[in-house]
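In the text below, chain A, chain B and the rest are named by the order of the sequence lines, each starting its count at 1.
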Amino acid sequence: MILFVIVALCALIGAVGVVIAREPVHSALFLILNIIALAVFYIVLSAEFLAAAQVIVYAGAIMVLFLFVVTLLTAGKEDQQRSESLKGQRLAAGVLAVLAGGGLAIVAVFNPSRPGLLPLALPRNFGNLSGMGAILWGPDFVYLAAVALMLLTAAVGVMVLNRPRPAPEANPKVREREL
Amino acid sequence: MSSALWPEYLVVIGVMVTMLTVIFSQKSGIGAYFVALAALIASGIVSIVEWSSPNLPVFLFDHGVMVDAFSLVVNGLVLLAAAGALLIGWNDRRYGSDFPVLVLLALLGMMVLGLADNFIALFIGIELLSLPLYILAASRGTQVSGEAGLKYLLLGAFSSGILLFGLALLYGASGTMVISHLVPSHLVLPLAAGGLGLTLVGLVFKLGIVPFHMWVPDVYEGSPLPVTSYMAFGTKVGAAAILMRFLFFGFSLSSGWWGPAVGYLAVLTMIVGNLLALAQKDLKRLLAYSGIANAGYLLVGIASHNIQGARALLFYLLAYGLAVLAVFAIMTFVAQDRDSVSVNDLTGLYRRSPWLAGFLAIALLSLAGIPLTGGFVGKVYLLQAAWFANQPGLALGLVVGAMIGLAAYVRPLQRAFSAPDGAVLEPIPWPWAGSIVLIVAVIGTIGLGVYPTPIVHIVNQSAAFYWLH
Amino acid sequence: MIPLNWVVGLAAALFGIGVVGVLVRKNPLIMFMAAEMMWNAAALVFVAFARSFHAMSGQVMAFIIIGTAAAEVGIGLAIIVSVFHHRHRLDIDEVSRLKG
Amino acid sequence: MFLVWLLAVPLAGAIAALIAPNRAAKGVAAITSIVALIGYAGLLFINRSSVNVPWIPQWGIRFHLVADGLSLFLLGLSVVLFVVAIVASNRDLGRPYYFWLLFLEFSVAGLFVAVDLFVFYVFWEVLLVPVFFLLTGWSGEKGKKAAMKWLIMNLAGSFFMLIGIVALAVIHHQDGAGFTFEISKLSGMAMAPGIGSWLFLAFLVAFAIKAPLWPLHGWMPDTYRESPAPLTALIAGVLSKAGIYGILRVMIPIFMPQFREYQTLLLIIATLGLLYGAFLALRQTDMKMVTSYGSLSHMSMMALGIFSLTRAGLLGTTYYMVAHGLMVGGLFLVLGLLEHRTGTRSLRDMAGLNHSAPRLAFYFLFFVLGVLGLPGLPGFAGEYMIIQGLITSHFLVFALIAGFVLVVAAWYMIRVFQAVMQGPAKSSAIRDLMTRHVVWLVPLAGLVILIGVWPAGITSHATPSLYHAMHFVGQGGGVRL
């Protein structure tokens, strides 16, 4: 229970930090804290493989990418620290979201999920590498393939979005009509 | 490898071959378009063959996906949308040579949405559909296009988050991932209610229903024209298909939970969407709001929760899609090197290109729901569904919305048929690929209006929710 | 053993904070991170319920979420870079000539 | 199958006019309309010609057309007026103009013979489109606005009717009687009183807007003012009859209980419209608007005939629609010729034109007298039967008011004639009619005289059809026959 409180606090601090940090770099660091706290939960919840994946993919790859972009975009630019003012509409949306999230949390805490009619022990290999492997390379392979396609899409996307382009103004007749 | 999934496999193969073509023929890039088109045609043929095969429905991957007549009709619709987008943007260098690859990838997502029977497939479908479209929206490389992509991305990620959390709660409430195994009476209520609500919000976000429609006009306006046509038609098909699957399979027995909410959203969307369309000067924004309103019409089919609703939804998707393809093809012709068309640009279109003006009239009148066009028959079908469900409110909302929308569609028409203000206007060239789309779409629109019987037959056979009546 | 309800409650709180972040912040990078947080919260719920049902499907879903998030971040950051790399401030309101 | 050809001819002609060179367009259109007229003449010798083929079988929709006593003569009216309108149109108006006119003829013809509600509705709404484009492209300065008003008001009404049509079919289906849109099968159907009244209202509003009947005539002044003379003649002569015809064809068989329930209210509204139109006609200074408001008043007269729910009233309306269509169409065309020659429509700027244009004055007088109901000309017989119907149904007050309005009508019509034709000439002389005008004016006038002296030619055909239509209503509860 103490472990839960500590890790939950870490996760919450990370989450709140992401939202209120002034600079994107700090946000990113807070998000890493949050992600690692979640990874701890995954271990506790017998999802060892996911915990590893969470740390490697999220904290390792995704967040490094974030940090890289943040520094790329903000390096040497002075102006971006002007504090953001909360306009009415955003504030209202925020308050609404807080209420909804709080309500959701309360509902989740005080209403037990589906009452268990469960076998007592966890199945063998539950959540560890060989268990996940058996599923992902077995019956659920198709989902893995779909994720692979998405990563492929991302690769294509990065190529498309950052390819050199002809300057649109200088050369308006880019379009080919001979076909 | 199950043979039932060959349409999807063909698209995947198409993606691979198209990419190879792009890599090995850097210079011209035209080969990729032909390969992609071939993949579309092959997939379409296989879908048709499968539709007439007797051993449907097929469940695969432990109820992960379900191939039935419904999913095959969705296949047909999204293939049409993809072919339309591909031909409208045929060999257009501005979108890069990777355009066909991304179109095919998004197509795969839409097809998965038609098949999905569990939460994983649902989520994968949504993301496979969205990711390429984020890229496509930003692919023009101009500032506006990039901003459209950014807006789409942020709101897409946001709505996917809501959807995911809703699905997670539903998983907790039911203990199953499979949509058709959800048994409402066994659900843990508060969790299930929260989960259903959030999931609906997430899906409705993708469809562009009114309180969650803010992103639609901006994204449509900023995206390149062929991509916008793809979003307007294809995305709508996918989102409507999965919404219908999700509600009609998972929560069919408890329509009281969601029916009224969806009904109110439908009426709100139809009226607000059409009202906002009235004020638009940019044709793309006009179509964006019209798309919102049409999403509202689609919701009528869902909210009426009967077999007529399912059939009407499929029929209306086709009628709407054909009209939209025609309008976008015309817009591409008129826009030429630009990426937007204002209502004023249409002035004197009748003088410049009479046939184009005539086709525009047909397409817009179909959107407005005038008889002898597909839009009219579709609306009649939706009205029937609403009456069969004993919900006159839905019927009334549909009609009031259509009435408001009429004024919005007629204004560009009056522009197109009024004399130009003296400026010299040259005739508009017709690129061949776009012309194919335009002519097919116009013939289809008229055909649906004059003799809808075969299509009515197909959708009646395909709305495979046998417990409804 | 951690009570399941509390984990789900924590996830709901994280989700709510994420929603607030997307709605309130203007910096697209931070909005994007907040959205990632929402995804993470959902993944946590899936894992928690998977543990309670002794079923792996929830974990598969969580894995898919992580993989998809990776792809999405790749695309998203590419778009952000292409939009912002010659701009001064990161501000979603500044972005638009497109009005909301 | 004969009726299908009658529909196919204008449609084919429309496409031909679109493809033909600009100069030949009028010729193509004129030939097409004349062929249609000849075809119609053939139809007169076939008893109850009909077509009945499945269209959308899944919804029980059949392409069912019938030319019976109710529709036959209205079909004739439209075929004749289209010939006249096309012949009277300017030669250099171009292909699209004639395309839209012929398309209009196609949809009007379809409307008058359709007896399946779905088919009826398709034609009903399609005919708005050609008028919309004609108003947009070939009318006065405010034509675009008028076109918009026309389309939106009419569609507003008909969209509500669409709800009603679908509702009728679905209710019929839910009663276990099958899915159908056939008027004869839907008639006499039991409906819950609440829903019945709402559906009644939806249909009535749609038809009243098209007619137009007061107070739903909002589109009328602009449209009549802005549209070119042939189009005005068609709208006032043919399209407005579609509204009244709809009440007769669709509503009488289906909604008889509702008619009986609201009869007094309906009569009061129609009478108010009668007075409103007549008094506004008195106050106009634009000769076209006098005729327009007069026409509005006469539409209310036809509505009175129907709302009397008697045989004489219904028969009178059937007859009066044809007669009024021919005369008011002719009158608007003559007014168009006058306007073309003088360049004005204001009564203040014209006087004494009968000196320079006696033939024009003659035809003008002829149609004016016809419209005001001179005995011997058909307006009189129609109005007589309608008033007789009102008396039979013991609504004497309304009969008296109708009689009074006839006097007012004589007053405003004569006033126009006097202002334009008599007195000392104010302006320079104008050209009289030429042979190409007389060519279509003489047959039109002859036709008017023919049905005026021989009303039985129409009524003897219409009576059995009326009985036939009323038959479904159920004996005793329906019309006092």
Using heavy-atom distances under 4.5 Å, tell me whether [X] contacts chain A through its side chain, its backbone, both, or neither.
X       : answer
L105(B) : side chain
F99(B)  : neither
V65(B)  : neither
L136(B) : neither
I124(B) : both

**Request:** Applying side-chain contact (heavy atoms from CB on, under 4.5 Å) between F66(A) and each of V69(A), I62(A), V64(A), report the one that passes.
**Result:**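 When V69(A), I62(A), V64(A) are each tested with F66(A), the side-chain contact (heavy atoms from CB on, under 4.5 Å) holds only for I62(A).
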**Request:** Step by step, work out the ring pair (Phe, Tyr, Trp, His ring centres under 6.0 Å) result for W215(B) and F158(B).
**Result:** CA-CA 12 Å; W215(B) 58 277; F158(B) 180 59; over 10 Å; no
**Item:** Close aromatic pair by centroid cut-off 6.0 Å: Y42(A) and F49(A)
**Value:**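 Y42(A) vs F49(A): aromatic centres not under 6.0 Å.
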**Item:** Check: Y143(A) main-chain N/O paired with D140(A) side-chain donor or acceptor under 3.5 Å
**Value:**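 Such a contact is absent between D140(A) side chain and Y143(A) backbone.
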**Message:** Closer than 3.5 angstrom, by distance alone: can the side chain of Y230(B) be matched with the main-chain N or O of L107(B) as a donor-acceptor pair?
**Reply:**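 Checked: pair present.
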